[in-house]
Protein chains: 2
Amino acid sequence: MVRWEPGTRERLQTAALDLYLREGFEQTTVAQIAASAGVTERTFFRHFGDKREVLFPGQGEFEHGFLDGIAKAPRGGSPLAMVGAALQSAAAFFPEDRHEWSRKRARVILANPALQEREQLKLSALASALAGALRLRGVQDPAAILAAQSGVTVFHVAFAQWLAEEERRPFAQIQQDVLRELTALTRAP
Amino acid sequence: MVRWEPGTRERLQTAALDLYLREGFEQTTVAQIAASAGVTERTFFRHFGDKREVLFPGQGEFEHGFLDGIAKAPRGGSPLAMVGAALQSAAAFFPEDRHEWSRKRARVILANPALQEREQLKLSALASALAGALRLRGVQDPAAILAAQSGVTVFHVAFAQWLAEEERRPFAQIQQDVLRELTALTRAP
């Protein structure tokens, strides 16, 4: 039986990020990350497929958070209300204790075009998945695509605000505020 | 004095697209395009910087269409009303006689990930430019970013509908319909 030492995954993530920031993502090797976290390379590969996956952990759970929110949204709500439920459900993925890690991660991604592209692909995949979940709840196109894309836009804008140095609101609160701004776009400034 | 034979640019665009569809974008050479259009390579390069630019002509004018709409939108309108003016202004860029060309272009781009990425970048650049124009009209963040991104989403969804084989509405009409759908997302289906 393989034993998973508690905290190993988090230790690997922290060690990797610090190396990516200091040495550059391309320059860092899995051997360095493992050594820095005090484990073997084999242990690294028990937790992550490669060094890029450290930056994109739990893609399945991330998307599932959104989809679960749509599946559980009350009947008879508007498409945007369902999207609001999805955003609220996914906010659990970004607790305050991930704040510092997420800020560092953003700096690594900003410095590397291939990682930016990967991040963009993640959001495109999320939009497609959300549109599919909305269709299952009876929302037709183009409303399903528009609502899904609007949800991703709110998430994206809220996430950037959450990462700002001076920001103090919890992520769930920022998302609610940005969603409210979205529905206010038809009012004169 | 260099004489520009009328229609040369359009003939080059048509010849290029037909070659891209038949031979593949990567496989086609500028020499083939020029020969197929009955001109020299030098003439090709008077009109386009490279074979990719044939698929992304007039990026400046394209963006300018949107920005001009925002600059000329009536005072006191909502951010989304300004975006609506931008979309209407840009619709002139897609007259019915570009329909068939645009459909072929979409098939070429769909077959080539690097071209898809270029198309995606074009839309990202458009969103940034729109947000900047909205800020100049007094719209603050995050409303400026949200409205700009919503405008790009409407354009993108409307453009995909316009390209559908069975579609008969003019592009301007489709954009208006999609924009109306966007503002209806807060209503129950």
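Just so you know, these numbers use all the heavy atoms, side chains as well, and skip hydrogens, waters and symmetry mates. Residue numbers start from 1 in every chain, and the chains themselves are labelled A, B, ... in the order their sequence lines are given, proteins ahead of strands. Everything numeric in this text was worked out from a predicted model, so none of it was measured.
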Tell me whether the count of non-hydrogen atoms from other residues, nucleotides or ligands lying under 6.0 Å of [atom1] in [X] goes above 12.
X: B:His99; atom1: NE2; result: yes
X: A:Gln88; atom1: CD; result: no
X: A:Glu53; atom1: CD; result: yes

A:Thr183, part contacting chain B, at a heavy-atom distance under 4.5 Å: side chain
Of the backbone (N, CA, C, O) and the side chain (C-beta and beyond), which part of B:Ser150 lies under 4.5 Å from a heavy atom of chain A, both, or neither? side chain
Are there residues of residues 18-28 of chain A that reach to under 4.5 Å of chain B by heavy atoms, and which ones? none
Could you tell me which residues in residues 156-171 of chain A have at least one non-hydrogen atom under 4.5 Å from a non-hydrogen atom of chain B, sorted by residue number? A:Val157, A:Gln161
So, for A:Ala143 and B:Glu181, which heavy atoms are closest and what is the spacing to 0.1 Å? CB-OE1, 3.8 Å
Are [X] and [Y] linked, directly or through other ILVMFWY residues, by side chains that come within less than 4.5 angstrom of each other?
X: A:Phe45; Y: A:Val54; result: yes
X: A:Leu110; Y: B:Leu121; result: no
X: A:Phe56; Y: A:Trp101; result: yes

Between [atom1] of [X] and [atom2] of [Y], what distance do you get to the nearest 0.5 Å?
X: B:Leu80; Y: A:Leu182; atom1: CG; atom2: CG; result: 8.5 Å
X: A:Gln120; Y: B:Gln120; atom1: CD; atom2: CD; result: 6.0 Å
X: A:Gln149; Y: B:Leu185; atom1: CD; atom2: CG; result: 12.0 Å

Using a 4.5 angstrom heavy-atom cutoff, name the option from B:Ala147, B:Gly84, B:Ala81, B:Ser124 with the most pairs to chain A. B:Ala147
